[in-house]
Amino acid sequence: MRKKIATPKEISTGEPAIKKSRDFFLDVYDVVRQIPKGRVTSYGAIANYLGTKLSSRMVGWAMNGAHGIKPKVPAHRVVNRNGMLTGRLHFATPDEMENLLKAEGIEVKEHTVSNFKNLFWDPYTHLSL
DNA sequence: CGTGTGACCGGCG
DNA sequence: ACGCCGGCCACAC
């Protein structure tokens, strides 16, 4: 079930979306949407699940366009390998990401998810190929 | 079509 | 522990 979604450019410019989206983006969004509430995962884990574990940066790029698209993409549940909220500055406000996580019962200190190890949700494991 | 950049990651000194 | 470097690949210029 993959529909056409806009690229970060198209979204940021408020374009009609739907043009030449990459399946990669869609796959990323699908995975992110499946992250259970109260759990988090990393860019690398998603990339790994999609078979392109060396392209974790693309996951971040995809998140860049995950804003305001529908269905909602819980981008706040994606952090880097250390549990750090590296993408927080890309949200409406610098605290948005942190607040969303806290609202789900996740403790955040110093821009880092506490007990990240336990809350980590690996799509490669849970969505078994 | 070449170059630079990035919400990353793993490896190496 | 810490910092640097290379790889990946889509996109903007």
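Throughout, protein chains are lettered first and strands after them, A, B, ... in sequence-line order, and every chain is numbered starting at 1. As a basis for the values below, the full set of heavy atoms in this structure was taken, side chains included, without hydrogen atoms, waters or symmetry mates.
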- Select base, sugar-phosphate, or nothing to describe what A/Ala75 touches, counting heavy atoms under 4.0 Å on all strands. base
- How far apart are the closest heavy atoms of A/Thr41 and A/Trp121, and which atoms are they? OG1-O, 2.7 Å
- Query: Can you check the A/Tyr43 OH to C/dC9 P distance for me, whole Å?
  - Reply: 19 Å
- Between the main-chain N or O of A/Gly44 and the side-chain N or O of A/Arg81, is there a donor-acceptor pair closer than 3.5 Å? no
- List the atom of A/Ala75, the atom of A/Met63, and the distance in Å for their closest heavy-atom pair. CB-SD, 3.7 Å
- Message: Between P on B/dG10 and CG on A/Asn48, what's the gap in Å once rounded to a whole number?
- Response: 9 Å
- Taking the side chain of A/Ser55 as heavy atoms from C-beta outward, which of C/dC11, B/dC9, C/dC8 is closest to it? C/dC8
- Task: Would you kindly give the CG-to-P distance between A/Asn80 and B/dG10, to the nearest whole Å?
- Result: 10 Å
- Starting from P on B/dG6, measure out to CZ on A/Phe25 and report it in whole angstrom. 16 Å
- Query: Distance between the P atoms of C/dC5 and B/dG4, in whole angstroms?
  - Reply: 16 Å
- Counting side-chain heavy atoms from CB outward, which of B/dC9, B/dA7, C/dC9 is closest to A/His67? B/dA7
- Message: In this structure, how many angstroms lie between the P atom of B/dG10 and the CG atom of A/Asn82, rounded?
- Response: 9 Å
- Query: Roughly how many Å is it from NE2 in A/His90 to P in B/dA7, rounded to a whole number?
  - Reply: 4 Å
- Could you tell me whether the side chain of A/Arg81 has a donor or acceptor atom within less than 3.5 Å of a complementary atom in the base of B/dC8? no
- Task: Measure from the side-chain N and O atoms of A/Asp122 to the backbone N and O of A/Tyr124, and report whether any donor-acceptor pair falls under 3.5 Å.
- Result: yes
- Item | Value in whole Å for how far the P atom of B/dA7 lies from CZ of A/Phe24 | 15 Å
- Message: Pair A/Gln34, A/His126 - check side-chain hydrogen bond (donor to acceptor under 3.5 Å, both in side chains), show working.
- Response: CA-CA 10 Å; A/Gln34 292 178 65; A/His126 296 264; over 6 Å; no
- Task: Provide, to the nearest angstrom, the distance between the CZ atom belonging to A/Arg57 and the C1' atom belonging to C/dG7.
- Result: 8 Å
- Message: Over all strands shown, is A/Thr52 touching base, sugar-phosphate only, or nothing at heavy-atom distances under 4.0 angstrom?
- Response: nothing
